[in-house]
There are 2 protein chains.
Amino acid sequence: MVVGADDVFHALADATRRDILTRVIRSGQSVSELARAYPMSFAAVQKHVAVLERAALVSKTRRGREQIVHGEVEPLRRMTRLLDGYEALWRQRAAGIEQILEEDEQ
Amino acid sequence: MVVGADDVFHALADATRRDILTRVIRSGQSVSELARAYPMSFAAVQKHVAVLERAALVSKTRRGREQIVHGEVEPLRRMTRLLDGYEALWRQRAAGIEQILEEDEQ
DNA sequence: CGCACCTACAACCATGTGGTTGTACGTTAG
DNA sequence: CTAACGTACAACCACATGGTTGTAGGTGCG
């Protein structure tokens, strides 16, 4: 696991970042477009995007002088799987659950 | 939503806390039992449990002089649902997705 | 070309976080 | 009753976080 679960959960633990994620999952948006949508400085939004990027929840591609932010769904899938693992563990139906939970710290 | 998604994700954004969660989901354990399992002070583990408790991921019940920590699976289910919402959104199959994602900030 | 726009990044500040130690209090065992 | 155990909480520290402003570099429009 190249990006830790820590990074993904931490990235998701902020309402602004979750909102940014929903926007760019719908369709890519430039950093400035995103920045205009929130009551904070451009730099602040840029930092939020950086956090999402470090968690691999978004990626950026250049388009002219703009940087377009795209949503990446794969890390979300991994987290969903992790949470499902906890749930299954709770239901005592643990078959192969240990393995899923251990991918966590790889 | 009485406990914010922020709290749940933040609680999960730490390997020690996720490990504590797996332990107590299997079966309840006292705070000291948990504390003995990690290379840190009792107080540190106690704080981790407090964070999990604030996120409603665990609850405590008294047994004699011990405080038994239990895993609560409902918040996990809510988070799984949230993540599923993002995924569905990404797949353009957005039927009622907005609603799910907005429960987020209630 | 020259200016405006988009982005990146550094410096700074207040606050929160994860860890420590120490103290205090309730409960059980002997 | 006393001693030991389990817990809670406060004070403290180093460091990360989320925000700010300012500066600088790449890109495109007129």
Task: Phe42(B) CZ - dC5(D) C1' separation (whole Å) - done: 10 Å
TODO: To the nearest Å, give me how far apart CG (Asp14(B)) and C1' (dT17(C)) are.
DONE: 10 Å
Open item on the list: Without decimals, in angstroms, what is the distance between Ile68(A) CD1 and dT27(D) P?
Closed with: 15 Å
Open item on the list: Here's a test of your reading of the structure: between Ala44(A) and Arg54(A), which maps to the more 5' nucleotide of DNA chain D?
Closed with: Arg54(A)
Task: ILVMFWY cluster, Leu34(B) and Leu89(A) together (side-chain gap under 4.5 Å) - done: yes
- [ ] Under 4.0 Å between any heavy atoms, over every strand shown, what does Ala50(A) touch: base, sugar-phosphate, or nothing? Just pick one.
- [x] nothing
Task: Atom pair distance, as rounded to whole Å: CD in Glu66(A) and P in dC29(D) - done: 10 Å
- [ ] Can you tell me the distance, in whole Å, between the CG atom of Asp6(A) and the C1' atom of dT17(C)?
- [x] 13 Å
Task: Nearest non-hydrogen partners of Arg17(B) and Leu52(B), listed with the distance - done: O-CD1, 3.8 Å
Task: Spacing between Arg18(A) atom CZ and dG18(D) atom P, to the nearest angstrom - done: 12 Å
Open item on the list: By nearest heavy atom, map Val31(B) and Lys47(A) onto DNA chain D; which one lands nearer the 5' end?
Closed with: Val31(B)
Task: Ile20(B) and Tyr38(B): CA distance, side-chain angles, deciding distance, side-chain contact (heavy atoms from CB on, under 4.5 Å) verdict - done: CA-CA 9 Å; Ile20(B) 289 176; Tyr38(B) 303 96; 3.6 Å; yes
Task: Side-chain N or O of Gln46(B) closer than 4.0 Å to phosphate OP1/OP2 of dC9(D) - done: no
Task: Separation of atom CD in Gln67(B) from atom P in dC5(D), rounded to whole Å - done: 19 Å
- [ ] Remember a base hit wins even if backbone is also touched, and classify Ser30(B) as base, sugar-phosphate or nothing at under 4.0 Å, heavy atoms.
- [x] sugar-phosphate
Open item on the list: Please determine whether a side-chain nitrogen or oxygen atom of Arg65(B) lies at a distance below 4.0 Å from atom OP1 or OP2 of dA4(D).
Closed with: no
Task: Single-linkage hydrophobic cluster, 4.5 Å side-chain cutoff, Val51(A) and Val31(A) together - done: no
Open item on the list: Below the 4.0 Å mark, does dG18(C) have OP1 or OP2 next to a side-chain nitrogen or oxygen of Arg17(B)?
Closed with: yes
Task: More than 12 heavy atoms of other groups within 6.0 Å of Arg62(B) CZ - done: yes
Open item on the list: Can you tell me if Ser41(B) touches the phosphate of dT20(C), counting only side-chain N or O atoms and a distance under 4.0 Å to OP1 or OP2?
Closed with: yes
- [ ] Compare side-chain N and O positions of Lys60(A) against OP1 and OP2 of dA8(C) and report whether any pair is under 4.0 Å apart.
- [x] yes
Open item on the list: Rounded to whole Å, how long is the line connecting atom CZ of Arg62(A) with atom C1' of dC6(C)?
Closed with: 8 Å
